[in-house]
Trainee: 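Just dropping this structure here.
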Amino acid sequence: MHPHYHVIVIGGGHAGTEAAWAAASALGEGGRVALVTMDPARIGQMSCNPAIGGLAKGQMVREVDALGGIMGRAIDATGIMFKMLNTSKGAAVRGPRAQADKYAYAAEVQRLIATRSQIHVIAAAVDDIVVEGGRVTGVRLPVGAGRVTADDAAIEGNAHANLLARPVFPSTPPVSGRLNAPRQLRGDAVVLTTGTFMRGLMHTGDERTEGGRVDEDAAVGISGVLRRLGFELGRLKTGTPPRLHRASLDWDDLETQVGDDTPVAFSDLSPAVLPQGRFPHLPQTGCRITRTTAAAHDLIRANLHRAPMYSGQIEAATGPRYCPSIEDKVIRFADRDSHHVFLEPESLFTDEIYCNGISTSLPRDVQEAIVHAMPGCANAEILRWGYAVEYDMVWPHQIDATTMTKLVAGLFLAGQINCTTGYEEAAGQGVIAGLNAARLARVEPLERLGRSDGFIGVMMDDLVTKTPREPYRMFTSRAEHRLLLRADNADTRLTPWGRSRGLIDDERWRAYETRAATLDAIRHAFEAVRVGHRTLREHARRPDVTTVEIATHLNGHGPDHAAADGTLLDRVVTEARYDGYISRQRSQVRRQQAADGRVIPGDLDYEAIPGLRAEARETLARFRPTTLGQAGRLPGVNPADVTILAVTLHRRQADPRRPEPATSPAPTPSTG
């Protein structure tokens, strides 16, 4: 007999861990989730930048946390420099960011995974995806695959993790026993999160090594499996910079960047669940700032023929536009003779320094010259060379906003396989994929987040309505309703929605209800307290009024701790100052939701709809939008096409012989 799981997750990166966690939450007690990964010791690994969050990305981490995910908790437990970005600008575009001790981060993710009895970690590659009758029914593994736990990996498989996992984070006793070399796992749903591993090929100059990360093998067979199933694949590239030995740098002579004096946590649970209730938990550190030089730029230009991307060695056509290699920067910004480079510690317990700003695939001798030309780095020792990695992905028009593929029922895709880049984007997709895989296993309607519900909803809608030209990265500018989608109100927007779908446990729900009650008390006080002839709400709208002053007016009114809890008070001040704009965006949202609530049947024959232009027919048949709103956002579909489609849907709905497929409505947005 083959072991049976409700959900099988392939890949232990940021998408895979969130998918497994969300599936376990949604399934509840008795649920069975298999997390299949080639190396359990690498679960939760930060393969590139040792940081979480940033502009728009920080909002996504807050949303993952509001939906019960683990990324926010993990970074709060292991962050070594917290900073709120864009504080000089409006609340809608501010974003939390934190550098992590990357070894502690992976250990914490592994520890959290090990606390879920529903999640079984299996050390194996996947040879095949089993599909019967158009629906996934399981996966095939090679001979000898065995079962381990994430805790085994954290305690035994990573020497750096030992420094933090044992004394700081109490370990969960490992599950005893091993699976008896399963050749096949049966499953109701499969979530594929391959990252950069599908036919991954790493490049440093003319050196080529198969793999998705340093010292890790590529997943070669999955690409062939997906092609056999009929999927259209593409090929992309990304890269990483060299790492330096801190002791070899003139560290103290360089400009310093430090974190905030009063850090803001990513997770609403962190102060309560961290050891001793202390946030931040780890000692805080800073980074240093240096720069590239004109001489280095000349050297790069002289060696472009040795760069794999420019020599034609790399097959992939595009890389991440907004995280370019130093080669790309030198060509695209030819008028600049230097670029900032941030030297970021990767751990409190090692001397590894990440060179944020010089991602490169140039040969080693050129990398060495670039590094040595940077101020403070003349004697730098390079611990690891930068490299580019190219990999296969699935063009995302082949999934819908639930992350389930349109070709194979029960097969979900999340992370870089969907043409995205970034830990945070992967985590957001993982939550949606894990939730929907569990719901499919329970024979429940699949769920979608709309553009007005969160940055995760914006990302999913963008992926399924646009053909990406490069790996997708989230920006605040992508969200037309970003004033409603602030980092500070993610819980109000999404936690009740997640609670109704099984993602939110009792502990988190109690914490949410406490915050909600406090917010209501502050809002009431804002209307009841008067400052001169104005209410406190009206007074707070003045740009010269500070939160500290507002807190003094609240003394004796509302909850005792309202003035002390700056984050909640800041939220109510933001609501007061942007009230008119928020009301306007709510009206826009209502109009958009009307279109997004009109479901398009998956079997609709666009060729049979009279009046549609040829371009619209081709686009609609390719993307197969699931709602009328999505159809209107497709390139090549104009308002007249949408009107014709709406009339067709109305006539179809009026025919009782052609019932609509089951679906769940999008959540109603909130701005609390």
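Small disclaimer: the values here were computed from a predicted structure and weren't measured.
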Trainee: According to the interplanar angle, ranging from 0 to 90°, do the rings of Phe82 and Phe266 count as parallel (below 30°), tilted (30 to 60°) or perpendicular (above 60°)?
Mentor: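 Aromatic pair Phe82/Phe266 classed tilted.
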Trainee: Side chain to side chain contact (heavy atoms under 4.5 Å, CB included) for Thr204 and Ser361? Distances and angles first, verdict last.
Mentor: CA-CA 5 Å; Thr204 299; Ser361 62; over 6 Å; no
Trainee: Arg62 and Pro96: which non-hydrogen atoms are nearest, and at how many Å?
Mentor: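 Closest heavy-atom pair between Arg62 and Pro96: CG-CG, 4.5 Å.
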Trainee: Between Gln45 and Ser47, does a side chain to side chain donor-acceptor pair (under 3.5 Å) hold up when you go through it step by step?
Mentor: CA-CA 6 Å; Gln45 179 171 328; Ser47 55; over 6 Å; no
Trainee: For Tyr423 and Asn49, indicate whether the former's side chain and the latter's backbone hold a donor-acceptor pair under 3.5 Å.
Mentor: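 Between the backbone of Asn49 and the side chain of Tyr423 there is a qualifying donor-acceptor contact (under 3.5 Å).
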Trainee: Does Ala51 offer a backbone N or O that forms a donor-acceptor pair with the side chain of Gln99 under 3.5 Å?
Mentor: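 Not a single qualifying donor-acceptor pair exists.
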Trainee: List the atom of Ala441, the atom of Asp188, and the distance in Å for their closest heavy-atom pair.
Mentor: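 Between these two residues, the closest heavy atoms are CB-CB, 3.8 Å.
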Trainee: Before you tell me yes or no, could you show the steps for Trp497 and Leu449 under side chain to side chain contact (heavy atoms under 4.5 Å, CB included), namely the whole-Å CA-CA distance, both residues' side-chain angles and the distance that decides it to 0.1 Å?
Mentor: CA-CA 10 Å; Trp497 187 86; Leu449 286 177; 3.9 Å; yes
Trainee: Between the main-chain N or O of Ala66 and the side-chain N or O of Thr495, is there a donor-acceptor pair closer than 3.5 Å?
Mentor: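 Confirmed, Thr495 side chain pairs with Ala66 backbone.
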Trainee: Of the non-hydrogen atoms in Ile119 and Ala20, which two are nearest, and what is the gap between them?
Mentor: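 Ile119 and Ala20 have their closest heavy atoms at CD1-O, 3.7 Å.
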Trainee: If you compare all heavy atoms of Ala19 against all heavy atoms of Val191, which two are closest, and at what distance to 0.1 Å?
Mentor: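 Minimum heavy-atom separation between Ala19 and Val191: CB-CG1, 4.0 Å.
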Trainee: Do the non-hydrogen side-chain atoms of Val131 and Leu229 ever get within less than 4.5 Å of each other?
Mentor: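 The answer is yes; the side chains approach within 4.5 Å.
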Trainee: Looking just at side-chain N and O atoms, do Gln630 and Thr626 make a donor-acceptor pair shorter than 3.5 Å?
Mentor: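 A pair is found: one side chain offers a donor N or O, the other an acceptor, under 3.5 Å apart.
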Trainee: Please find out if less than 6.0 Å separates the ring center of Phe475 from that of Phe455.
Mentor: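 No, the ring of Phe475 stays outside the 6.0 Å limit from the ring of Phe455, centre to centre.
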Trainee: If we ignore hydrogens and angles and just use 3.5 Å, is the side chain of Gln110 paired with the main-chain N or O of Ala107 as donor and acceptor?
Mentor: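 Pair absent, no side-chain N/O of Gln110 close to backbone of Ala107.
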Trainee: Is it true that Glu390 and Lys237 make a salt bridge, defined as a side-chain N closer than 4.0 Å to a carboxylate O?
Mentor: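 Looking at Glu390 and Lys237, the cut-off is not met.
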Trainee: Between Asp506 and Arg499 (salt bridge meaning N to carboxylate O under 4.0 Å), is one present in this structure?
Mentor: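 Arg499 and Asp506: salt-bridged.
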Trainee: For Val126, enumerate each residue passing the side-chain contact (heavy atoms from CB on, under 4.5 Å) test, keeping only those at least two apart in sequence or located in another chain.
Mentor: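 With neighbours one apart ignored, the set is Ile10, Val36, Val139, Leu141, Ile222.
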Trainee: May I ask you to decide if Gly386's main-chain N or O and Ser359's side chain share a donor-acceptor pair within less than 3.5 Å?
Mentor: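 Absent.
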Trainee: Atom CE in Met459, atom CG in Asn418: separation rounded to 0.5 Å?
Mentor: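 Taking CE in Met459 and CG in Asn418, the distance rounds to 9.0 Å.
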Trainee: Please determine whether side chain to side chain donor-acceptor pair (under 3.5 Å) holds for the pair Asp462 and Tyr472, giving the CA-CA distance in whole Å, both sets of side-chain angles, and the decisive distance to 0.1 Å.
Mentor: CA-CA 9 Å; Asp462 283 349; Tyr472 181 93; 2.6 Å; yes
Trainee: Ignoring hydrogens and angles, tell me if any N or O in the side chain of Arg32 forms a donor-acceptor pair with the backbone of His4 under 3.5 Å.
Mentor: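 Yes; judged by distance alone, with no hydrogens or angles, the pair exists.
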Trainee: With sequence neighbours left out, write down each residue that passes side-chain hydrogen bond (donor to acceptor under 3.5 Å, both in side chains) with Asp65, or none if nothing qualifies.
Mentor: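 With sequence neighbours excluded, Asp65 shows a side-chain hydrogen bond (donor to acceptor under 3.5 Å, both in side chains) to Ser267, Arg508, given in chain and number order.
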Trainee: Output yes when a side-chain donor or acceptor of Ser270 lies under 3.5 Å from a complementary backbone atom of Asp76, and no otherwise.
Mentor: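 No.
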Trainee: Determine, for Arg73 against Glu507, whether the closest basic-nitrogen to carboxylate-oxygen distance falls under 4.0 angstrom.
Mentor: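 Answer for the salt bridge query: no.
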Trainee: Is the closest basic N to carboxylate O distance between Arg493 and Glu63 below 4.0 Å?
Mentor: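 Salt bridge: yes.
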Trainee: Enter the distance from Leu27:CG to Arg439:CZ here, rounded to the nearest 0.5 Å.
Mentor: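 Those atoms lie 11.0 Å apart.
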Trainee: A side-chain contact here means heavy atoms from C-beta on lying under 4.5 Å apart; do Leu236 and Cys419 qualify?
Mentor: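 Touching, per the 4.5 Å side-chain cut-off.
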Trainee: At what distance, to the nearest 0.5 angstrom, does OG1 of Thr405 lie from CZ of Phe231?
Mentor: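 Interatomic distance, Thr405 OG1 to Phe231 CZ, rounded to 0.5 Å: 4.0 Å.
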Trainee: For a side chain to side chain donor-acceptor pair (under 3.5 Å) check, start with the C-alpha distance between Ser25 and Arg116, then their side-chain angles and the critical distance, and finish with the verdict.
Mentor: CA-CA 9 Å; Ser25 298; Arg116 283 296 178 89; 3.0 Å; yes
Trainee: State which residue, out of Lys83, Arg97, Arg243, Lys102, fulfils the salt bridge (charged side-chain N to carboxylate O under 4.0 Å, His left out) condition with Glu344.
Mentor: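 Filter result, single survivor: Arg97.
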Trainee: Hey, are the side chains of Arg140 and Val130 touching, using non-hydrogen atoms and a 4.5 Å cut-off?
Mentor: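 Answer yes - side chains close enough.
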Trainee: Look at Asp392 together with Arg235 and state whether they make a salt bridge at an N to O cut-off of under 4.0 Å.
Mentor: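 Salt bridge flag = yes for Arg235 with Asp392.
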Trainee: The criterion is side-chain contact (heavy atoms from CB on, under 4.5 Å); which residues satisfy it with Thr403, sequence neighbours excluded?
Mentor: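 Counting only residues at least two positions away or on another chain, Thr403 forms a side-chain contact (heavy atoms from CB on, under 4.5 Å) with Phe412, Ile432, Ala433, Met460.
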Trainee: Can you tell me how far CG of Leu226 sits from CG of Leu192, rounded to the nearest 0.5 angstrom?
Mentor: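 These two atoms lie 6.0 Å from each other.
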Trainee: What I want to find out is whether Arg473 reaches Glu425 closely enough, with some N-O distance under 4.0 Å, to be called a salt bridge.
Mentor: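 Answer for the salt bridge query: no.
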Trainee: Taking all atoms of both residues into account, what is the closest heavy-atom pair of Ala98 and Ile75, and its distance?
Mentor: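 In this case the closest contact between Ala98 and Ile75 is CB-CG1, 3.7 Å.
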Trainee: Could you tell me whether the side chain of Asn436 and the main chain of Thr402 form a donor-acceptor pair under 3.5 Å?
Mentor: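 Yes, because the side chain of Asn436 sits within donor-acceptor range (under 3.5 Å) of the backbone of Thr402.
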Trainee: Quick one: are the ring centres of Tyr387 and His203 less than 6.0 Å apart?
Mentor: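 They do not qualify: ring centres at least 6.0 Å apart.
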Trainee: Compute whether any side-chain donor of one residue and acceptor of the other, for Thr421 and Gln416, lie under 3.5 angstrom apart.
Mentor: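 Their side chains do not contain a donor-acceptor pair, so the 3.5 Å distance test is not met.
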Trainee: Taking Ala74's backbone N and O only, do any of them form a donor-acceptor pair with Glu108's side chain (distance below 3.5 Å, no angle check)?
Mentor: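 No; zero donor-acceptor contacts below 3.5 Å.
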Trainee: Which heavy-atom pair separates Gly79 from Leu282 by the least distance, and what is that distance?
Mentor: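 Nearest heavy atoms, Gly79 then Leu282: O-CB, 3.9 Å.
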Trainee: Less than 4.0 Å between a side-chain N and a carboxylate O, is that true for Asp461 and Arg448?
Mentor: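 Between Asp461 and Arg448 there is no salt bridge, as every charged N stays at least 4.0 Å from the carboxylate O atoms.
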Trainee: Could you tell me whether the side chain of Glu352 and the main chain of Ser347 form a donor-acceptor pair under 3.5 Å?
Mentor: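 No; zero donor-acceptor contacts below 3.5 Å.
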